Protein chains: 2
Amino acid sequence: MTQATIRDVARHAAVSVASVSRALNGAASVSPATRDRVQASARALGYVPNAAARSLSLARSNTIGVVLPELHGEFFSEIVRGMDRAAGSLGLQLLLSNMHADVELAAHALRAMRGRVDGLLIMAPELAAATLIDALPGQQPAVLINCAAAGRSHPGFGIDNRAGAAAMVRHLLAQGRQRIVHLAGPGSNLDARERQEGFTAAMAELAPGAPVEVLAGDFHEETGMAAAQALLSRGPACDAIFAANDQMAIGAMRALQDAGVDVPGRIAVAGFDDVPVARYLALSTMRVPIAEMGARALARLARLIDGTDTTTDVELLVPELVVRGTTATGAISNKNPQEEPTS
Amino acid sequence: MTQATIRDVARHAAVSVASVSRALNGAASVSPATRDRVQASARALGYVPNAAARSLSLARSNTIGVVLPELHGEFFSEIVRGMDRAAGSLGLQLLLSNMHADVELAAHALRAMRGRVDGLLIMAPELAAATLIDALPGQQPAVLINCAAAGRSHPGFGIDNRAGAAAMVRHLLAQGRQRIVHLAGPGSNLDARERQEGFTAAMAELAPGAPVEVLAGDFHEETGMAAAQALLSRGPACDAIFAANDQMAIGAMRALQDAGVDVPGRIAVAGFDDVPVARYLALSTMRVPIAEMGARALARLARLIDGTDTTTDVELLVPELVVRGTTATGAISNKNPQEEPTS
DNA sequence: TTGTAGGCGTTATCAC
DNA sequence: GTGATAACGCCTACAA
């Protein structure tokens with residue numbers, strides 16, 4: 001026997017399909033007697049409404065399309081967790097799809113969601129604004145996360161990378177560091193660019209005389225190691241390495257420690273993101289509220305869908321400075337890395 | 001202007017909707033001329049097929065429902081990554097929903113997917129077999145992951161926890177450890193139970209005379225700390241702690257090191273899972289191929305859906321022993337300071 | 001090769 | 001309060 005439809009229930013309860021629909025959806029006026037009969041029949045037949053049919057009829061799916069790039073473990077799970085939490089409390093489902101770097105595929109993925117989702121949550125830190133806008137299905141409500149394209153036609157969310165970088169620079173300077181080297185991320189990445197800009201701007205403002213140096217990087221641990229080794233084996237030494245993300249910072253730490261360099265005694269190391277590993281390695285970093293960003297983006301998309309919120313500005317979430325052993329002045333105090341604030 | 005439908009395209013191309021459908025779906029016989037006209041019109045109007053309508057008509061959604069419990073960062077992202085990878089290569093989408101411990105809610109979540117997905121990927125290590133089977137929509141193809149219910153009516157995937165635990169026991173014994181204490185996970189969790197059983201079985205077989213001790217735990221780091229402290233402050237000492245997961249192992253390590261106990265000199269520590277942090281802390285552990293499990297489960301579900309595979313057995317993935325510093329015999333590998341930040 | 005028409009399962013608009 | 005019935009957008013026999 002195949003799945004029961006609303007017609008089966010109607011027949012079983014000896015009423016019309018209209019009454020079944022009304023009885024089951026609560027809303028309209030139905031006599032208690034028929035409602036009970038309908039509910040009993042539905043239960044007896046194991047009836048479950050067909051979501052596709054309902055979506056077609058209502059032109060609403062109660063589903064949010066989520067398009068993310070290939071991203072590393074923690075970031076991915078955190079942002080999805082935030083979205084899922086918000087979606088659950090709003091009675092929405094999440095349709096996942098990962099955005100390939102290929103624009104063709106990305107556009108295809110977006111199109112495939114038409115009629116299946118009520119709105120889109122898109123994160124594409126590597127895609128240029130115009131490219132993305134073109135790929136967007138015309139009428140679909142969408143919220144852009146970490147997108148260069150956000151703010152104009154579509155609302156967006158992002159990390160205040162400039163403020164974050166500035167906060168770290170301020171911290172390092174306050175610790176007495178004089179020559180801070182920034183290990184940048186890939187130029188194709190929006191966050192990486194903003195962090196670098198934040199760094200140079202903050203240095204120019206807070207330490208006008210100090211040397212400003214930026215090394216190219218790619219967000220990978222190996223690159224952090226290589227950069228640190230290069231720094232050691234060349235001319236004027238630096239006394240602080242501020243990496244554009246934690247992975248590179250960790251790589252730098254390893255290389256420095258392998259070379260017997262005192263961290264932070266001789267060189268301080270700082271990262272960005274606060275991945276879980278950072279706590280164990282006592283790495284100072286900027287904590288990025290990823291889950292919160294996901295949750296807030298979802299909530300805003302929901303408001304956009306039901307017309308409650310029609311703004312298109314970009315909301316920036318400010319990272320929080322987390323000071324640990326790798327930038328502490330004097331004695332390193334990572335004796336108990338567990339005393340970190342819980343997220 | 002609202003989204004174009006197949007009728008708009010038909011009108012624009014001066015053909016029937018049937019021809020549009022045929023032309024766009026490639027399959028049937030259409031004259032090259034009309035196909036070109038249709039494609040041109042579709043592009044001109046920005047036509048994208050409505051997935052809900054198509055699902056309703058075809059009784060197929062090309063979507064897989066994924067139901068996961070609340071799980072910690074890495075596990076979640078890894079398994080979803082595996083599924084997503086496999087889904088992408090098969091042209092399938094992923095509809096996410098997290099399974100709440102509450103059976104009512106779980107059943108509701110499963111029901112809500114009716115008509116929206118072609119099959120279900122369910123992971124519920126905490127739910128009893130019968131409960132889960134009851135909650136399953138009757139006809140829906142489903143693959144169970146880490147479920148006690150797998151293997152009977154539904155195919156399943158799982159970790160060979162017994163073999164994994166045995167491998168770790170063998171390793172610890174080979175390292176000369178005599179008194180191994182197992183720090184178990186929550187009894188409600190299938191993996192935890194199997195790991196514990198694997199431990200006791202392996203001990204009975206490989207070290208018949210040795211004392212076998214099991215401490216209750218809950219998979220949390222704090223519990224690992226508390227357990228280690230308790231072990232230190234009581235009677236006969238042990239020389240190895242084998243935790244049911246990495247989190248507890250890490251907690252135990254910290255407690256031991258805080259107490260000045262030489263690890264692994266006096267007490268070896270081992271975990272299970274190989275979370276990313278494990279590498280940085282030089283924790284020996286069993287590596288669980290999570291992404292692979294997700295990918296294979298999805299592939300098998302796809303075969304189940306198209307009738308290619310109708311078996312219902314459980315496939316077990318074997319964890320791999322990863323030996324690091326915390327179980328090494330002789331010289332402790334603390335020589336690499338960055339692997340032991342609390343030194 | 002192409003067009004007509006019926007059906008997929010629901011909801012909503014009418015009459016009654 | 002209840003019951004026909006027309007959408008919703010697409011696919012697919014069946015005819016032509």
Side-chain angles (χ1 to χ4, degrees), chain A residues 1-39 41-42 45-63 111-118 137 139, chain B residues 1-39 41-42 45-63 111-118 137 139:
Chain A
M1 113 193 168
T2 172
Q3 263 289 0
T5 76
I6 196 174
R7 244 176 285 273
D8 299 322
V9 178
R11 198 173 312 128
H12 187 278
V15 294
S16 71
V17 294
S19 291
V20 174
S21 178
R22 285 188 285 248
L24 261 31
N25 294 325
S29 52
V30 186
S31 83
T34 64
R35 174 178 26 253
D36 291 348
R37 254 210 335 285
V38 167
Q39 287 177 339
S41 297
L45 272 57
Y47 168 71
V48 182
N50 181 303
R54 173 174 265 183
S55 293
L56 184 57
S57 187
L58 293 176
R60 199 165 193 318
S61 62
N62 288 315
T63 301
R111 299 241 139 80
M113 293 196 166
R114 145 99 206 269
R116 188 168 299 186
V117 301
D118 298 333
Q139 313 301 336
Chain B
M1 111 191 168
T2 170
Q3 264 288 1
T5 76
I6 196 175
R7 244 177 289 271
D8 299 321
V9 178
R11 198 173 312 130
H12 187 278
V15 295
S16 71
V17 294
S19 292
V20 175
S21 177
R22 286 188 283 249
L24 261 30
N25 294 326
S29 52
V30 186
S31 83
T34 64
R35 174 179 24 254
D36 292 347
R37 250 205 345 280
V38 167
Q39 287 176 340
S41 296
L45 272 55
Y47 169 72
V48 181
N50 181 304
R54 171 174 265 182
S55 294
L56 183 57
S57 187
L58 294 177
R60 199 164 192 321
S61 61
N62 288 315
T63 302
R111 299 240 138 81
M113 292 195 167
R114 144 100 207 269
R116 189 169 298 187
V117 301
D118 298 333
Q139 312 302 334

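Note that these values count all heavy atoms, side chains included, but never hydrogens, waters or copies made by symmetry. Numbered from 1 within each chain, the chains take letters A, B, ... in sequence-line order. All figures in this text were calculated on a predicted structure; none of them were measured in a lab.
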>> So if I take residues 8-19 of chain B and measure heavy-atom distances to DNA chain D, which residues fall below 4.0 Å?
In response: B:A18
> Can you name the closest pair of heavy atoms from A:A112 and B:A51 and give their distance?
Replying inline: O-CB, 4.3 Å
>> Quick check for you: to the nearest 0.5 Å, what is the distance between A:T34 atom OG1 and A:Q39 atom CD?
In response: 9.5 Å
>> Rounded to whole Å, how long is the line connecting atom CZ of B:R54 with atom C1' of D:dT12?
In response: 13 Å
> Between the two ends of the helix from C:dT1-D:dA16 to C:dC16-D:dG1, what is the bend in degrees, rounded to 10 degrees, where each end axis spans five pairs?
Replying inline: 40°
> Looking at B:S21, does any N or O in its side chain come under 4.0 Å of the phosphate oxygens OP1/OP2 on D:dC11?
Replying inline: yes
> From A:N50 CG over to B:R114 CZ, what is the distance, rounded to the nearest 0.5 angstrom?
Replying inline: 5.0 Å
>> Under 4.0 Å from a heavy atom of chain B: give me the 5'-most and 3'-most nucleotides of DNA chain C that qualify.
In response: C:dT1 to C:dG9
>> Using a 4.0 Å heavy-atom cut-off, does B:S29 contact any base of the nucleic acid, only the sugar-phosphate backbone, or nothing at all?
In response: base
>> I need the minimum non-hydrogen distance between B:Q3 and B:D8, along with the two atoms involved.
In response: O-OD2, 4.2 Å
> Minimum heavy-atom separation for B:S41 to B:A13, with atom names?
Replying inline: OG-CB, 3.3 Å
>> Going by side chain to side chain donor-acceptor pair (under 3.5 Å), name the residues that satisfy it together with B:S57, two or more places apart in sequence or in a different chain.
In response: none
Can you name the atoms? Protein N/O to nucleotides 14-16 of chain D N/O, anything below 3.5 Å, with the distance.
none

> Of all residues at least two apart in sequence or in a different chain, which pass the side chain to side chain donor-acceptor pair (under 3.5 Å) check with A:S55?
Replying inline: none
> Rounded to the Å, how far apart are B:L58 CG and D:dA13 C1'?
Replying inline: 14 Å
>> Testing the basics here: between A:R116 and A:S61, what is the closest heavy-atom pair and its distance to 0.1 Å?
In response: O-OG, 3.0 Å
> Just how far is it from atom OH of A:Y47 to atom CZ of A:R7, taken to the nearest 0.5 Å?
Replying inline: 10.0 Å
> If you look at every strand shown and take non-hydrogen atoms under 4.0 Å, does A:V48 touch a base, only sugar-phosphate, or nothing?
Replying inline: sugar-phosphate
> Got a sec, which pairs hit salt bridge (Lys or Arg N to Asp or Glu O under 4.0 Å) with one end in residues 15-37 of chain B, sequence neighbours left out?
Replying inline: none
> What closest approach, in Å, do A:V30 and A:A23 show between heavy atoms, and which atom pair accounts for it?
Replying inline: CG2-N, 3.9 Å
>> List the residues meeting side chain to side chain donor-acceptor pair (under 3.5 Å) with B:T5, not counting sequence neighbours, and say none if there are none.
In response: none
>> Can you measure A:L56 atom CG to D:dA6 atom C1' for me and round it to whole angstrom units?
In response: 13 Å
> How do A:V30 and A:R114 order along DNA chain D: which one's closest nucleotide is nearer the 5' end?
Replying inline: A:V30
> From the list D:dT2, D:dA7, D:dC10, which nucleotide is the closest neighbour of the side chain of A:T34?
Replying inline: D:dT2
>> Which is more 5' along DNA chain C, the nucleotide nearest A:Y47 or the one nearest B:S57? Just name the residue.
In response: B:S57
>> Enumerate the salt bridge (Lys or Arg N to Asp or Glu O under 4.0 Å) contacts for residues 52-61 of chain B, please, sequence neighbours excluded, ordered by first and then second residue.
In response: B:R60-B:D118
>> Give me the atom names and distance for the closest heavy-atom approach of A:V38 to A:V9.
In response: O-CG1, 4.0 Å
